[in-house]
Amino acid sequence: MHLHSVFASLLAAVLLALPPDVEAQKTPGFQGPFALVNATIMVTPDDTLDNGTLVIRGDSIAAVGPTVAVPDEAREIDAEGLTVYPGFIDSGTRLGLEEVGSLSETQDYGEIGDLTAHMDALTAVNPNSVHIPVNRASGVTTALTEPTQGRLPGTAALISLHGYTPEQMHLGGVKVTKLNFPSTGRTDADDNRSQEEIDEQAQKALDELNEIWDKAELYAEIDGAVQEQPQSRRTPEFVPVMEGLLPVIRGEQPLLIAADAAPDIESALDWAGEREVLDQVILSGATEGWRVADQIAEASVPVLAGSVLSTPTRDSDRYDKVYANPGLLHEAGVEVALRTSEVSNVRNLPFHAGFAATYGLGKTEALRAVTTTPARIFGVDDQVGSLEEGKRANLFVTDGDPFQPRTSVEHLFIDGYKLPLENRHTELYDEFLNRNPGLEK
Amino acid sequence: MTASLLLRSRLLAVALVLALLLVPPADAQDMLRADAPDDWLIQNATVLTVTNGTIENGDVLVRDGVIEEVGQDLTVPSGLETYDAGDQYVMPGIIDAHQHIAISDVNEATNPVTAEVGVGDVIDPYDISMYRGLAGGLTTIHTMHGSANPIGGRNETMKLRYGETDPDAFPIEGAPRTLKFALGENPTGVYGERRNMQPGTRMGVEQVIREALAEAERYRDAKQAYQNGERDRPPEHSERMEVLADVLAGDIIVQTHSYRADEILMVMNVFKDFGIDDLVFQHVNEGFKVAPELAEFGAGASVFSDWWAYKFEVYYSTAYNAAILTENGVNTSINTDIPGQQRDLYHQAAKTQRYGDLSDDEALALITINPARQLGIEDRVGSIEEGKDADLAVFSEHPLSIYTQPLRTYVDGVVRFDHEDDPDDMRLRVDPEGTAPPVKKPAHAGGAHHPHCLEGAVLHATEEGLSLKNGLHNH
């Protein structure tokens, strides 16, 4: 046997014997246990450990602290000079529901019809969307993904950015029913309706909403009665949209109200008060929230604000009003989380947060707005949003401030799975930075 | 009173009413910057020259709107306005190589070849988008014709002299003319798909361009022959052919909307055949795939920082495009295209440090000297150098930091954005019809005041953000 081939066999044997390399990002995601050592750990936005250890076992954080022992079987990751952050939460996207922006056959967020409250976004989430690995590479581990079309488009779902079925991705069973509140705003610059037309149509839409809500309340009442006495009551006709509204009417599911113009936000709050659903309401968008911040605070309604990197609603507004909106809402006492309203660039959530921080929200509060605050708003603060023992191991490790563009994400974990950071964008970079062949072949 | 007199007096009355409505608000004098100085000494700044390194604790002396001196501890000439930029950063005014703001029309989508039109004829001095650009350190824009036609109209290279009310005050004097070309889905969608005419494919796009350039060669030759006395009559005058003949002569820089690698190569091959050298690719999402070819041709590339998947031809994209192109020696810029997005180019440039490994100067060059070169105005703008126009952007922190805020923007030495002193409402003209409520959602795409050529025809700002409408824009 040639010395070369002996060496080759030995090398092959050694390579085969090696466990999947923790640093080899090209392997699919796999669980630990892992121990991140010598790390700066942002446990919560106002509690950072300087030189700590974080142990991941199964899908959870098993231990975190300054003097935690590293289990023997754990893969150790030296995080010297690095910082561990809880995975960021984007409170409004269409992730998994759209692949290509101009091709309707790749879009599943807008069902036909105005009243489609029974539509369930989760069912159409494509777990293998190319967008998911692209976006999580910036540390976004969780997103609310929403249907968008019509008055009552359906239910949005909170998803983890890892999993091979929608159910595996579904986080904490969170679903919220979406309502696009009747708007007195113009849809775009081509909207040439007169003020009278706009008001008339908004009023008509509000009347229709009230009508549907009356029916939904009645439907829920009948349904409740039937469930109490199934023998003596006749089951009413099955009305899908009414079925879809049952969890909201019964107070079991949050109502996500999308409204942006200040008068619409005010009307939405009034309406929710009259309908006695105010305590279930989460306001979304709220681009002009700053104009009515006190009323929102008064109503104790949380806001999913964004997108932040956006233009003022009115030509007369100061150039930075949308950047400043989250800060102004917070100052008024409103609980604020952030949303990108994106699909392909959910990865920019840290930059939306950075702009909000710069224009008044401040860095700590901006961190909350993408971690602990949305976790609380969606009722999953026992599972995600911070790096406390027992929570899901949704976290990422960076070489710097996660809001800074120049910072790189070094490691990413979702549900304890150490995930590859490779995605379409990095793969094309690797292939084409020094293309081979170059000019000559 | 005759009908026409009646009409005329009515028009006069309307004009008077309009004139009253157009009277600027009380404090508008400042907003017009009518008496604003263009002599300044900016002191104690970190000066990011982009082309000659960084000067700590530096001063910039501005005289008559021109950078007279850059250095440390410059003496204050008597009577000169000073600005203490201690702890602040000064960089060259930012250049957006692809926008559609400050014009009232974008797309002459009536023919596959419309080289005769130009957006310089429809400049709108009152567009608040200009001020919002200034508030992001932007001082120069290349405001472009749309991308419906394989050969579209002329673009305009303008300074954001917001406050001027004469449309002629905006174009940069002596800047080379540029002409829009467009490839791929937009022209094939507008003509093939919707009108069942050529071009319906990328093959057709090539032939439309070849045919037009070949016709222009004959036009040029016929003119020449007439001038040489070899022909009795000149060819029938065609403004379209005049412009294309100037492209052949190298007097106009062609700016080509493009996405896919094959069509990028196609245009370079066509241009080689016609002996045309001045070529910049716009969007060029797959430029990274043919970076060596782009570098060899000497073509520029003006890209988005990270936008992708908004249509099929940008599905196989990478945010590392600018970095790959730069590392391969292609003169590269980053642009924003979408009205509303022109405010944060400094942030878009910063992303090349996440998606790639560009130095601060390389990243800043993407929005300053590189686009200046692509527009042929690098002698005037794009860096902080003595003798150049005093287009300067002052930031609270390094402009590539997420925590920076633009504080002041100078155009030709005049402060046209001031974070401290400007009123919230910077409209120069209040549209009596424009007091209606805001758009439902000022989505990602911005106010959608104008269509642009991200998707060629129309991109609408909707609740969902970027959203396509397949109809043609009909403003």
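Below, chains carry the letters A, B, ... as their sequence lines are ordered, and counting in each starts from 1. The structure displayed is predicted, hence computed values, not measured ones.
Note that CD of B/Gln341 is 7.5 Å distant from CG of A/Leu309, once rounded to the nearest 0.5 Å. The distance from the OG1 atom of A/Thr407 to the CD1 atom of B/Ile402 is 10.0 Å, given to the nearest 0.5 Å.
Proximity of a side-chain donor or acceptor of B/Asn328 to a complementary backbone N or O of A/Leu433 within less than 3.5 Å is detected. Judged by distance alone, with hydrogens and angles left aside, the side-chain atoms of A/Gln404 form no donor-acceptor pair with the main-chain N or O of B/Ser401 at under 3.5 Å. The main-chain N or O of B/Asp424 is never found under 3.5 Å from a side-chain atom of A/Asp317 such that the two would form a donor-acceptor pair.
Interface check for chain A: of the options B/Glu293, B/Glu327, B/Glu397, the most heavy-atom pairs under 4.5 Å are formed by B/Glu293. Here A/Thr358 is the residue among A/Thr358, A/Val409, A/Asp191 with the most heavy-atom pairs under 4.5 Å with chain B. Of all the listed residues (B/His347, B/Glu185, B/Lys351), the one sharing the greatest number of non-hydrogen pairs under 4.5 Å with chain A is B/His347. Contact count against chain A (heavy-atom pairs under 4.5 Å) is highest for B/Ile324 among B/Asp344, B/Leu325, B/Ile324. No other option in A/Asp320, A/Asp401, A/Asn434, A/Val343 has as many heavy-atom pairs under 4.5 Å with chain B as A/Asp401. Top candidate by heavy-atom pairs under 4.5 Å with chain B, chosen from A/Ser316, A/Gly354, A/Gly110, is A/Ser316.
In this structure, B/Ala350 and A/Pro405 approach most closely via the heavy-atom pair O-CB, 3.5 Å. The minimum heavy-atom distance linking B/Arg132 with A/Pro312 is given by the pair NH2-CB, 3.4 Å. Taking each heavy atom of B/Asp306 and A/Asn345 in turn, the nearest pair found is O-ND2, 3.1 Å. In plain terms, the two heavy atoms of A/Val100 and B/Phe312 that are nearest each other are CG1-N, 3.3 Å.
If you measure heavy-atom distances from A/Ser104 to chain B, you find no contacts under 4.5 Å at all. Only the side chain of A/Asn348 comes within less than 4.5 Å of a heavy atom in chain B; its backbone stays farther off. For B/Thr404, the part lying near chain A is the backbone, with the side chain staying farther off; criterion is any non-hydrogen pair under 4.5 Å. Proximity to chain A involves both the backbone and the side chain of B/Gln405, based on heavy atoms less than 4.5 angstrom apart. Looking at A/Glu99, both its backbone and its side chain come within 4.5 Å of chain B, counting heavy atoms on both sides. If you measure heavy-atom distances from A/Thr93 to chain B, you find no contacts under 4.5 Å at all. When heavy atoms are compared at a cutoff of 4.5 Å, A/Ser138 approaches chain B by way of both its backbone and its side chain. Using a 4.5 Å cut-off between heavy atoms, A/Arg406 contacts chain B through both its backbone and its side chain.
For B/Tyr320 and A/His425, the ring centers are positioned 6.0 Å apart or more.
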Residues A/Phe432, B/Thr318; criterion side chain to side chain contact (heavy atoms under 4.5 Å, CB included); working and verdict
CA-CA 10 Å; A/Phe432 286 100; B/Thr318 176; over 6 Å; no

Please determine whether side chain to side chain contact (heavy atoms under 4.5 Å, CB included) holds for the pair A/Arg435 and B/Val290, giving the CA-CA distance in whole Å, both sets of side-chain angles, and the decisive distance to 0.1 Å.
CA-CA 9 Å; A/Arg435 200 187 75 187; B/Val290 289; 4.2 Å; yes

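Side-chain atoms of B/Asn321 and A/Tyr429 include no donor-acceptor pair closer than 3.5 Å.
Both tests pass for A/Arg347 against the ring of B/Tyr355: distance under 6.0 Å to the centre and angle within 45° of the axis. Cation-pi geometry between A/Arg424 and B/Tyr316 is satisfied (NZ or CZ under 6.0 Å from the ring centre, within 45° of the ring normal).
Using a 4.5 Å cut-off on side-chain heavy atoms (C-beta onward), B/Arg354 and A/Phe351 make contact. Annotation: side chain of B/Lys311 is not in contact with side chain of A/Leu103 (no heavy-atom distance under 4.5 Å). Residues A/Val134 and B/Trp308 form a side-chain contact, since some pair of their non-hydrogen atoms from C-beta on lies under 4.5 Å apart. With a 4.5 Å cut-off on side-chain heavy atoms, A/Tyr319 and B/His419 count as touching.
For A/Gln201, the CD atom sits in a packed shell: over 12 heavy atoms of surrounding residues, nucleotides or ligands are nearer than 6.0 Å.
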